[in-house]
Amino acid sequence: MMAEKTAQAAKDIDETIAWARINADVLRSMENPRKGYWVALAVCFAIFMVGVAAEVYQYDVGMGPSNLNNPHMWDLYISTFIFWIGMSHSGTLLSAILHIFHVDWRKPIYRFAEAMTTFSLLTALLFPVIHLGRVWNMHWVFPYLSDRGIWPNFRSPLVWDAFAIATYLTGSVLFLYTGMIPDLAICRDNATGWRKKLYTFLSVGWWGDDRQWRNFRKTYMIMACFLIPLAVSVHSIVAADFAMAIMPGWHVTSFPVYFVSGALYSGCAGIITLFVLLRYFFKFEQYMTIPILEKLCKLTFAIAMVWTYLNLIEFAAVWYGHDVPAKEVLIAKFTGPYSPFFISMLLIGMVLPFSLAFQKVRRNPPLLLAISLLLNTGMWMERYMILAPTLSLSFHPYTWGVMWPSFVEIGIVFGSFGLFGLFFFAFVKVFPSVSMYEVKEMVYHRRRVVFDEAEEKLHPATAPATASASSEDGT
Amino acid sequence: MKQTMGHSIAWNVISRIPSEDLKDRASGAHNEWREMSKKKFDRREFLKAMGVSGVAVTVAGCDMPSFIASQEGVEEVVSYLSPEEFVIPGVGVWYASVCMQCPAGCGVRGRIREGRLLKLEGNPESSLNAGKLCQMGQAGLQNHYDPDRVTTPLARKGGKLAEVTWEQALTMIEEKTGAGSSIPKNRFAWFTGTVSGHQGVLMKSHLEAMGSTAHFVHETINNQVWRTVSKDMLGLETPRLRFDKAKLVLSFGADFLGTWMSPIHFSGQYARFRSTPDRGMLIQAEPSMTLTGANADMWLAVRPETEGAMALGIANILIKKEKVDASALPESVLDAIDGYDVTTTSRITGIAGDRLIRIVRHLKDLSPSLIVAGASACGHVNGYQSAAAAMLLNFLLGNIGKTIEPGENFSFPQLRPAEGGTRDLARFAKAAGEQQFDAVFFYGANPLFAAPAHMNMAEKLDAIPFKAAFSQFMDETTARADLVLPVASPMEDWGTHVPAYQGDRNAIVFQQPLMEPLYPGVRGLGDLLLGLVKMRNPGPLDDFEDYYAYLQNAFAAIPGALKGEGGDEDAPFDKNLWNRVLQNGHLEVPGAKRSFDTKVFAPDVAGHRENADYPYYLAPTPRAGFYDGRHANLSWLQEAPDQITKIVWNSWAEINPSTAAKLGVEQGDIVKITAAGGSIEATAYLHKGVHPDVVVVPMGQGHEEYGRYATGIGVNPLKILDPLSDGKTGEMALYGTRVKLARTGRSKKLVKAGDAETQHGRKIVATITADHLRRTEGES
Amino acid sequence: MSLVRNFIENWSRYAKSIDEGGFHEYKHMWGMVVDLDKCTGCNACSVACYAENNIAVVGEDYFAHGQAMHWMRVERYWDEPDIGGKRITETQEHGASFIPMMCQQCNAAPCEPVCPVSAAYHTPDGLNGQVYNRCIGSRYCEVNCPYRMRYFNFYSYYETSWPSPLNMQLNPDITVRDKGVMEKCTFCIHRIKAAKDKANKENRKLADGDFQTACQQTCPTSAIVFGDLLDHDSEVHQLWHKYQTKLGTPRQEKENPELRGYRIYEHINTEPCVTYLERVREV
């Protein structure tokens, strides 16, 4: 009995599950929202409105109410921007990177991860705009044809940001959509009313013959390959905003890598959060299984270690380099007014992940939910700690100064979470948050694996290609 | 009405720059129209014919200049299409006048464009400030454009000030003080700030006409004590000080770079004093750091009230150790000095003996030197004696005649400023308390703000039956007056001024309107005074249409010798000369060389008074900026960080860290400063530029009534001063007040510029030693 | 069509300016020398700057938030308590240290390359120009300025700072900046402009002393010297020469290393155009 259970649990997915069942479950998750859903939606909307109100006020009177001041020209806005960009990396990681490595346990969970990518990108996009003193002129950073022959300054990392993010957003939206086409077709076949119209339009006449599948696979793979460098570049460029500046504590070569790793880190944590929630609310236990969650935790742990390493590298570089201001900033991070944030950031970011080394933890969804949320708080603080100490303490002592964000600033940051929530809730009810066709693939695939094992015993022969996959998923 | 007209026209005709000077300012186009539209014309006839006065007034009403252009000899009438050079769009022209922000009397030039005054700069012609200006001078603009100016006459009706017309206002004055009024002799008084030149003359004649002699001249920031000492020991009140000639300056609290005598003039000298090859050394001994102290090579926190002892101690060491020849000094003096050997002096003053000896060495090596004493040394009951002791050093070191020069005689004694200090404030309080006056006129002074609580100035003012304030702003005193007459700002007014401390060359500084009055309702001081005299004593001055005419007439009376080339004796009024003088902004009046009449006596410097209940001294230091509080309503100066603490928009208490530690006070804590006469609260700022026995609360803030920028900000330390005064001169002992400190437990974020107090090892302000400098640049 | 041509032309010009690292054929190079030994920290320069450049007075609350706008700020530093083995005394033994800090008009300005819209750019006179109209308020320039000498309009100050009739004092040669715009010391560029026009009109070269900056003009001790570094007759050039401070190098190789001239943070290679002369004190 016990053994049976573990064996059951050890499997990524129950291969006996019927395909019709898969369709049914996923489609069910998209229909008749319960009261809880509407409440959640309302809450998100309220939070979002807080942010909107704050922004409207700030737009009206100027940047003053945000408490930004002479040393602190950037603050929460930019750090939250980095945070959301970071969140957006998870989806690409799961769907694109793991896809080209043929890691098939990603299949049940990559869809909502991708959605997360897109929506956190959209949210992130707001912040560079909001933090502008003259929002109404934001389009000037784009090189549109101007009869006055005025162009943006292509040397400025902020302009690179504009390009990188725009490209990345387009890319990830397309990727999300392309990956959904077969599922949309399924939805189309089962839907009525406006949904029918919508899916019919979106599923661009997919009926799943070989030619379509072949093209689909090619496109999907190409897009995956195209998306990975984008994801890396986007955060490297965000890092360049700081690395290109001469400010102590920012002027660090390892920043791009550091940022990317941090992004993946917070991204994975974000996935874990949503994983647990969806699994619970949409009863996806059969698809989002504990073993997959475990693998996700292992992945997070690995990335966390990379991030930790880079963090330490940065400290060492500053400590052994003879840049006095940079050293001052580092010391201030540990001892200064911001030290509570910084130290708790270190604890959460470096120590907490070790809890994922324990299987008990990895198999305990509620605990993981808490941990993942903590991790993301930590990562958000990390971004804040990259900005605030350096700004408060740079070259010129006369203009040093600690600054704490005002309610306007906090309100806007708060509101951004509401916006993300809105997007995501809307998504899960309109689009399948679990990829039906890929889960079917997975199930089918697993059956084959079992079969192969049986055959192996009869006539030992060269291992089939799929053996690699089975060995890779660590079961 | 009449006066306004007088202004606008007179100004257009007279206050101009010569056309060649104009050409390089005005655009080419401008010169073309000038060529095209030349038309000989008699202006006065024209005015009569056209009644331009009306036009002028209305124009003045909407602050646009009227448009009658003229040139020396040639006069022309032009339409607004080709306007006067100061209203040509885009062309700025400069007119000379005088800065009235403090009594120093620096010359300024104002930039006028499109009829608006835009910027003030020092007048390079002026031998006093040589084209330079301090922050107060720069802020003279805001004094002129202040949004809270009094714009119409106000009279007290039923306890409240209500608007009245000039006619009504003048009738009120007529009733109270006019020829027909029943006011007895000597029951009338003027209470003013420093007044000089022809306004002073008119004020005197008004007093004579009133049959009174009571003219109280009040300046909280003054140097009466030092000047009395100079008078007694040198025979001259204002000998010429030559900081630039000195190789060493030892200053007992004289803030000659900030508020002492003529700061900008001395700053110019300081620059030469500091410049290579033989760079001067500045030693400042004072209980609390002033701007000058902040620039000192050696700064000594001397215990308050012991500056005199320190001076005598230095004299003692000079004679005993350094064997300086003291044969010139009388026995009595030597006896007085005898008592102060190194140990005694350092015990009394709290200054380490080795430092005293070092100072003496420097004094011996670096000759000539200059020893001066200022506010913090003179502001005690023994202030006169301390200053005298300082002056004694000048004798001992033979500086008299080297760095202290007699200077020239000023040829027009009647134009010399009527001067005073805080003594007059006390005298006035006494007299007012004894109900000596039926009518008092106030101008340029704010006794209610400056008077300590123990004087009960408010009640005493209320007791005066009729108080008229000739005032530009609604300050505390003005708010209590029965009649408020809005005077023109210094930028709108005519006048002549004579600085108390003259520059390298004696001069009369000329003040001319730099633009039309902002408000039609204001009138110039001169015009008002003229009116008053006429009112009280019709006849002698009746044929002067306005003050401007009076001035020209007075100008014509100047002996031709002064007028330089083109000035002849009998010409009644030489317009070319007049224009030239107005262009320069001043008329130089060389006088006979003066000579010293020296008299050395033994100063009796008492030590500092122990006081168990009130262990600390309160130092209400003046700071360049708010000055004595008259500039607290200028937002630029409110926002300009205090030089020492960098605090803005508030009052603060400077406390020595060791004292603070004793009291358990930290930076930003609100401390309660209690004197016998009351208590104030201020936020603590800790720095080492304060003697541990001293708490500094700079004066100037704490206005109850002074426009939107000053009202209700900070505290006024003058309020809690003890009733002490210098034994000899009767000047109030501003620095003598004893207080006790207590923490209130509350604290407040100091609003200051600059976070870090030190450079944290950066090379921002790099400093090298003087030897180093001599090595590198000495020979240059 | 014209759009496209325009695009191409400007692109090539832009590319050129990249390859050559911005302008190089300077007609003038405005520079300054501040003699810290003469500077008394009296603040006159700062107020003169307010008067000349329409700088907003922000008031106590905003000042407390660090949103003040003094383009020319006089900084005051106390001695380091414990550096160089100075003995700790109860009271100050020397005065304080003052330094007037204005935009250093760097030649390798960190603020310029980071501006997304080229609002901060290098003028042909070697100044760090700031185009208010172009500025979108990303504030990157200030974030990257080691001197922190740029000031941001956090609010619209027009009503609050110049209640009528104070607004009549506003200098018509200068704009009044609105909210969301970065601003900074311009070396009184409007005065430079006026002087140039005048010189052109009289078709002669711009001579030293044709104009002064507001701060230089008012400085009671004449501690500030301003002029054209390329004009060999100018006082400022001679001073730079005398103290052997040179542009175009992060490190000054002086024949006599003891000479007083130095530029703040020149080791980070910002190439500021303001040379400070070391303060001299007897010890």
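Keep in mind that what you see is a predicted model, and the values were worked out from it rather than measured. Throughout, a chain's letter reflects where its sequence line sits, starting with A, and its residues are numbered from 1.
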Residues R191(C), E121(B): salt bridge by 4.0 Å N-O rule:
yes

Are there more than 12 heavy atoms of other residues, nucleotides or ligands under 6.0 Å from atom NZ of K205(C)?
no

How about K119(B) and N171(C): do any of their side-chain heavy atoms sit closer than 4.5 Å?
no

Verify, without hydrogens or angle tests, whether R260(C) (side chain) and T767(B) (backbone) share a donor-acceptor contact under 3.5 angstrom.
no

Region of Q216(C) that comes under 4.5 Å of a non-hydrogen atom in chain B:
backbone

Pair K748(B) + E60(C), salt bridge at N-O below 4.0 Å
yes

Does the distance from a Lys or Arg side-chain N to an Asp or Glu carboxylate O, for D297(B) and R279(C), drop under 4.0 Å?
no

Begin from the C-alpha positions of Q135(B) and S46(C) and carry the test side-chain contact (heavy atoms from CB on, under 4.5 Å) through to its verdict.
CA-CA 8 Å; Q135(B) 56 174 340; S46(C) 179; over 6 Å; no

Under 4.5 Å from any heavy atom of chain C, what part of H265(B) do you find: side chain, backbone, both or neither?
neither

All heavy atoms of I764(B) vs all of I264(C), minimum pair found to be O-CD1, 3.9 Å

NZ/NE/NH1/NH2 to OD/OE distance under 4.0 Å, D35(C) and R274(B)
no

Which of A130(B), G137(B), P692(B) touches chain C most, by non-hydrogen pairs under 4.5 Å:
P692(B)

Chain B: which of H70(C), E75(C), Q217(C) shares the most heavy-atom pairs with it under 4.5 Å?
Q217(C)

Rounded distance [0.5 Å steps], CG in D61(C) versus CH2 in W649(B)
9.5 Å

Should H772(B) and V280(C) count as side-chain neighbours, where that means a heavy-atom distance under 4.5 Å?
no

Checking Y243(C) against chain B: side chain, backbone, both or neither under 4.5 Å from a heavy atom?
side chain

Mind ranking A294(B), A271(B), A640(B) by heavy-atom pairs under 4.5 Å with chain C and telling me who comes out on top?
A294(B)

Among L277(C), D37(C), I99(C), which residue has the highest count of heavy-atom pairs closer than 4.5 Å to chain B?
D37(C)

Among S97(C), P172(C), S161(C), which residue has the highest count of heavy-atom pairs closer than 4.5 Å to chain B?
P172(C)

The interface call for P641(B) against chain C, heavy-atom contacts under 4.5 Å, is both

Is the number of heavy atoms from other residues, nucleotides or ligands within 6.0 Å of OH (Y77(C)) greater than 12?
yes

Determine whether more than 12 heavy atoms belonging to other residues, nucleotides or ligands lie under 6.0 Å from atom NZ of K763(B).
yes

Heavy-atom pairs under 4.5 Å with chain C, option from K752(B), Q269(B), R111(B) with the top count:
R111(B)

Taking all non-hydrogen atoms of both residues into account, name the closest pair between G41(C) and L291(B) and its distance.
O-CD1, 3.8 Å

Between atom SG of C219(C) and atom NZ of K132(B), what is the distance when rounded to the nearest 0.5 Å?
6.0 Å

Could you please spell out the steps behind the side-chain contact (heavy atoms from CB on, under 4.5 Å) verdict for W299(B) and E93(C)?
CA-CA 5 Å; W299(B) 188 81; E93(C) 295 204 325; over 6 Å; no

Quick check for you: among A214(C), A223(C), G59(C), G66(C), which has the greatest number of heavy-atom pairs under 4.5 Å with chain B?
G59(C)

Any Lys/Arg nitrogen of K688(B) or D79(C) sitting under 4.0 Å from an Asp/Glu carboxylate oxygen of the other?
no

Drop me the distance from N656(B)'s CG to Q92(C)'s CD, to the nearest 0.5 angstrom.
10.0 Å

Could you check which of V74(C), L36(C), L259(C) has the highest count of heavy-atom pairs closer than 4.5 Å to chain B?
V74(C)

What option among M281(B), H144(B), M298(B) has the most heavy-atom pairs under 4.5 Å with chain C?
M281(B)

If I measure from the heavy atoms of chain B, does N167(C) come under 4.5 Å with its side chain, its backbone, both, or neither?
backbone

Which answer fits Y262(C), side chain, backbone, both or neither, if we ask what part of it has an atom under 4.5 Å from a heavy atom of chain B?
side chain

Quick check for you: among D642(B), L637(B), I644(B), which has the greatest number of heavy-atom pairs under 4.5 Å with chain C?
I644(B)

If I measure from the heavy atoms of chain C, does D146(B) come under 4.5 Å with its side chain, its backbone, both, or neither?
backbone

Quick one: closest heavy-atom pair of N295(B) and F98(C), and the distance?
OD1-CD1, 4.1 Å

For the atom pair CD (E282(C)) and CG (D771(B)), what is the distance rounded to the nearest 0.5 Å?
7.0 Å

Less than 4.5 Å apart, any side-chain heavy atom of P165(C) and any of Y519(B)?
yes

Side chain, backbone, both or neither: which part of F273(B) has a heavy atom under 4.5 Å from chain C?
neither

Give a yes or no on whether the backbone of M168(C) and the side-chain of R116(B) come within a donor-acceptor separation of less than 3.5 Å.
yes

Is L141(B) close to chain C through its backbone or its side chain, or both, or neither, when contacts mean heavy atoms under 4.5 Å?
side chain

Using non-hydrogen atoms only, which part of C45(C) is less than 4.5 Å away from chain B: side chain, backbone, both, or neither?
neither

Carefully, step by step, assess Y265(C) and R762(B) under the rule side-chain contact (heavy atoms from CB on, under 4.5 Å).
CA-CA 8 Å; Y265(C) 308 145; R762(B) 268 80 159 164; 3.7 Å; yes

Can you give me the closest heavy-atom contact between S267(B) and P220(C), atom names plus distance?
CB-CB, 3.7 Å

Would you call P163(C) and R708(B) a side-chain contact if the rule is heavy atoms closer than 4.5 Å?
yes

Any heavy-atom pair between the side chains of M69(C) and E639(B) that's under 4.5 Å?
no

Is the closest side-chain heavy-atom distance between C49(C) and W636(B) below 4.5 Å?
no

Give the member of M136(B), H691(B), Q142(B), H362(B) that has the highest number of heavy-atom pairs under 4.5 Å with chain C.
Q142(B)

Atom of E90(C), atom of S658(B) and distance for their closest heavy-atom approach
OE2-OG, 3.1 Å

Where do T218(C) and Q138(B) come nearest, in terms of heavy atoms and distance?
OG1-NE2, 2.7 Å

Nearest 0.5 Å, please: how far is CD in E278(C) from OG1 in T769(B)?
10.5 Å

Looking at A96(C), A68(C), A194(C), which one has more heavy-atom pairs under 4.5 Å with chain B than the rest?
A96(C)

